[in-house]
Structure formats: structure tokens, C-alpha cells
Amino acid sequence: MVILNEAGDRMLLVKQNHEERYYLVAGYIDEGETAEHAVVREIREETGLRVTGCRYSHSHYYEPSNTLMFCYVVTVAEGAFVPNEEVDDAAWFDPGTVMEESVPKHSLAIELLTEAGY
């Protein structure tokens, strides 16, 4: 998910698994829920933030795990992060520089952000 603040001038990324780099928030769709519901649930679970807008961007086939991914551009109300056990840290970044400075080069995040227009 590409997560933006309501002004659209900050992008939220998270650290997981004690890694040094930041990544997009991602998750799985549970049985019986829609993709949009999964977006809201995953963001709430991993960051504690409230989704105020959700727009489908595109799908992306990820061959290494044989997974079809759905990318959503999401806005959230800014507030205090309340990460769960899956998230080590969360931070806001400038969307204009996030691909050059914040996410790993040649990563899935770069592909998703590029396809979403960032």
C-alpha cells in the first residue's frame, strides 16, 4: 500500500524484521474479506492509523512467491503510531524523494511505486 497523509505531502513507510531499510505496508486478504477491507485492517493493525481514503491503483504479479499483489493508494489521518509486533518502526517521508533515498534499490517497493506513478 502507498500510504499518504491527508495533505498528500508525506508517505508512510515501515521497518520490519529488524532490517535497516523502510518498506511499504503490505498484508494478506483474509478469507471472506474484500481487498479494501484488508487494506484498512492491515494499516490499523500495523500502524494504529485510521484510513480516510482508499483507491485501487493496479495489480502486480510477483513471480518469486507466485503472488498477485493489489496496490492501493491510501490516505490516513495523522496520529501517533501504535505499531504491532510485525513493525519495528514507522516514519513519514517526502514522496518526491522516497524512491531515491528511502526504499531499497531494485526492490518490489520500487516497482509498485513506479507503477502507481511515484
Side-chain angles (χ1 to χ4, degrees):
M1 292 157 258
V2 178
I3 302 174
L4 304 170
N5 66 351
E6 289 181 310
D9 61 355
R10 307 301 286 163
M11 184 180 293
L12 182 71
L13 300 174
V14 296
K15 282 186 180 181
Q16 294 178 299
N17 304 316
H18 309 291
E19 294 189 27
E20 290 298 315
R21 302 299 288 192
Y22 284 90
Y23 296 89
L24 299 172
V25 171
Y28 291 97
I29 300 169
D30 289 341
E31 184 176 345
E33 76 179 343
T34 65
E36 293 79 9
H37 183 264
V39 166
V40 173
R41 178 184 51 75
E42 287 286 348
I43 291 171
R44 185 182 63 248
E45 287 176 359
E46 294 188 16
T47 70
L49 297 176
R50 182 177 56 86
V51 172
T52 59
C54 178
R55 173 181 64 81
Y56 172 78
S57 174
H58 64 279
S59 63
H60 178 91
Y61 176 69
Y62 186 59
E63 189 172 353
S65 63
N66 191 32
T67 306
L68 180 62
M69 305 182 86
F70 298 104
C71 183
Y72 282 83
V73 177
V74 181
T75 55
V76 296
E78 289 190 63
F81 296 120
V82 184
N84 69 3
E85 66 282 351
E86 295 177 46
V87 176
D88 300 325
D89 187 31
W92 293 104
F93 295 88
D94 177 350
T97 62
V98 73
M99 291 205 314
E100 294 83 21
E101 299 176 2
S102 305
V103 295
K105 304 295 183 234
H106 310 293
S107 68
L108 177 59
I110 292 289
E111 292 180 47
L112 293 172
L113 287 165
T114 300
E115 292 172 24
Y118 292 92

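Residues take their numbers from the sequence shown, with the count starting at 1.
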- For S65, side-chain hydrogen bond (donor to acceptor under 3.5 Å, both in side chains) partners two or more places apart: T67

- Sequence neighbours left out, what passes side-chain hydrogen bond (donor to acceptor under 3.5 Å, both in side chains) with S57? Give chain and number order. none

- Task: Group every Ile, Leu, Val, Met, Phe, Trp and Tyr by side-chain heavy-atom contacts under 4.5 Å, then state whether V76 and V25 land in the same group.
- Result: yes

- Query: Considering only heavy atoms from C-beta outward, does the side chain of T97 approach that of S102 to under 4.5 Å?
  - Reply: no

- Message: Less than 4.5 Å apart, side chain to side chain, heavy atoms only: is that true for D88 and H18?
- Response: yes

- By ring-ring contact (aromatic ring centres under 6.0 Å, His included), F93 pairs with (sequence neighbours left out) Y22

- Item | All pairs passing ring-ring contact (aromatic ring centres under 6.0 Å, His included) where residues 43-77 contributes a residue, at least two apart | Y56-Y72

- Message: Once salt bridge (charged side-chain N to carboxylate O under 4.0 Å, His left out) is applied, what residue pairs with a partner in residues 7-24 remain, sequence neighbours excluded?
- Response: none

- Item | Partners passing side-chain contact (heavy atoms from CB on, under 4.5 Å) against Q16 (at least two apart in sequence or in another chain) | V14, E46, E86, V87

- Under the side-chain contact (heavy atoms from CB on, under 4.5 Å) criterion, do Y118 and V98 qualify, and how do the steps go? CA-CA 9 Å; Y118 292 92; V98 73; 5.6 Å; no

- Donor-acceptor under 3.5 Å (N5 side chain, E78 main chain): no

- Item | CG on L24 to CG on L13, rounded to 0.5 Å | 6.0 Å

- Task: Quick one: list whatever passes salt bridge (charged side-chain N to carboxylate O under 4.0 Å, His left out) with E33, sequence neighbours left out.
- Result: R41

